[in-house]
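Encoded as structure tokens, the structure appears first; notes follow it.
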Amino acid sequence: MAETLTITDNRTGKRYEIPIEDGAIRAMDLRRIKVAPEDFGMMTYDPAFMNTAACRSRITFIDGDKGVLLYRGYPIEQLAEHSDFVETAYLILFGELPSSQDLDRWSQDITLHTMLHENIKKFLEGFRYDAHPMGMFLSAVGALSTFYPDAKNIFDADSRRLQMIRLIAKVPGIAAYVYRHNIGRPFVLPDNELSYSGNFLNMLFKMTEPQYRPHPVLERALDVLFILHADHEQNCSTSAMRNIGSSHVDPYSALAGAAAALYGPLHGGANEAVLRMLTEIGSKDNIPAFITRVKAGEGRLMGFGHRVYKSYDPRAKIIKRMADLVFEVTGKSPLLEMALELERIALEDEYFVSRKLYPNVDFYSGLIYQAMGFPLDMFPVLFAIPRTAGWIAQWEEMLMDPEQRIARPRQLYIGSAPRDYVAKDTRR
Ligand code: ACO
């Protein structure tokens with residue numbers, strides 16, 4: 001027998017059987033609940049979408065209580081151990097791990113699209129020397145739509161695939177150019193001999209040497225960070241990508257909007273906040289007093305807590321191990337010592353234990369980025385590069401879903417009742 005939810009409306013005494021599918025009821029089924037035939041019907045009120053599924057998705061699964069994160073069914077720990085970002089992007093986009101032939105072609109396709117149009121360089125040169133990297137990044141991604149007008153053909157599978165390749169191939173170049181613009185160094189051309197993350201390091205840090213050789217530990221660490229950030233189901237920026245894409249705009253314009261959502265300090269800015277917090281604390285001796293202030297409600301322990309994870313964020317565990325390897329190369333940061341001590345104290349403290357507050361992905365990622373030489377305001381850009389794979393996979397899934405239409409939430413109107421216009425000189 002099909003599962004249903006029985007609702008009795010006390011206003012009318014009527015009973016409604018609402019079908020349950022995949023543990024959810026359809027909000028539209030509630031519209032049958034009316035007090036009179038002309039009544040609009042019952043709606044749900046859910047500010048910030050705390051309990052509303054807006055899509056069916058096959059891409060990413062999170063179990064926040066158990067600390068599980070799967071891409072297309074594969075545990076994040078196994079992908080971080082055995083895969084690389086280019087292969088993981090393929091998995092996220094196409095649903096399966098590629099055969100070695102498919103992977104070769106995919107890697108080749110991405111490598112052959114890394115060059116940026118010269119006018120994108122000129123476009124970036126127009127920004128002030130101190131422009132925020134994320135503002136430049138999202139503007140340049142949006143500008144790509146004018147270079148590739150064929151991207152409007154969103155229902156042509158070949159065109160979609162080409163834009164996916166272009167986006168994944170070009171976002172590291174844009175990010176690197178943004179960085180070099182800020183520090184006043186000439187742009188560096190991509191090196192097709194290098195891996196995806198190795199080439200990114202090349203475009204960022206190459207000086208006068210004929211060929212840049214990335215440090216293998218740093219190259220791998222960056223690649224693992226890219227794997228960990230590639231998708232995270234229906235978060236703020238991904239929902240923005242789906243919502244904007246639902247108007248059938250091209251993927252570059254939609255992705256610029258998603259990147260704008262990521263720019264916000266509540267989303268992509270937490271790892272920067274962790275570094276600022278550690279710098280402010282200043283030394284290990286000041287940690288107990290800092291924890292006391294947090295417990296008194298005077299500020300938050302940044303990098304702790306998560307809307308979904310109510311146990312250790314699985315990505316944080318992997319990043320913590322990665323931090324050890326990176327710091328062996330770059331030398332230990334005093335901030336890392338403080339972060340470890342802060343974590344030790346917090347994980348033993350009743351306040352954090354009872355609220356299920358554990359380190360999240362941002363607690364250690366900023367420390368790694370800083371050790372690798374990135375300035376703080378590049379952090380959200382480093383997040384946007386790998387998340388591009390997730391955004392476009394979610395965008396395509398939305399486009400191919402026959403149940404999706406243009407996103408258009410309802411509202412509960414609480415403004416004025418109808419009233420007549422008042423002439424200016426008779427207004428109070
Ligand atoms: N430090 C101290 N107390 C905290 C923290 C924290 N980091 N996070 C939550 N709490 C407390 C709250 O004060 C609240 O306590 P109360 O019940 O006594 O009032 C309780 O824990 C629940 O907190 P909420 O704010 O309801 O949790 P929510 O799920 O809304 O917030 C969030 C999640 C925003 C991530 C929050 O934990 C936070 O602000 N953390 C610090 C910022 C951060 O690290 N953000 C990165 C998230 S990961 C990402 O976006 C990639």
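Count residues from 1 along the sequence. Each ligand, and each atom within it, is numbered from 1 in the order the structure gives.
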Check: residues 287-297 side-chain donor-acceptor pairs under 3.5 Å, at least two apart:
residue: Thr292; atom: OG1; partner: Pro288; partner atom: O; Å: 2.8
residue: Lys295; atom: NZ; partner: Asp349; partner atom: OD1; Å: 3.4
residue: Lys295; atom: NZ; partner: Asp349; partner atom: OD2; Å: 2.9

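Partners of Trp395 under the side chain to side chain donor-acceptor pair (under 3.5 Å) rule, at least two apart in sequence or in another chain, do not exist in this structure. Residues that satisfy the salt bridge (Lys or Arg N to Asp or Glu O under 4.0 Å) test with Glu348, not counting sequence neighbours, are Arg344.
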TODO: Verify side chain to side chain contact (heavy atoms under 4.5 Å, CB included) between Leu225 and His229, making sure each step is shown before the conclusion.
DONE: CA-CA 6 Å; Leu225 282 163; His229 285 93; 4.2 Å; yes
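Near ligand 1, residues His267, Ala270, Val294, Arg300, Leu301, Met302, Gly303, Phe304, Gly305, His306, Arg307, Lys310, Tyr351, Arg355, Leu357, Asn360, Val361, Asp362 come within 4.0 angstrom through at least one heavy atom.
Remark: aromatic rings of Phe363 and Phe304 are close, center separation under 6.0 Å.
Between Tyr309 and His306, the ring planes lie tilted relative to each other; the angle falls in the 30° to 60° range.
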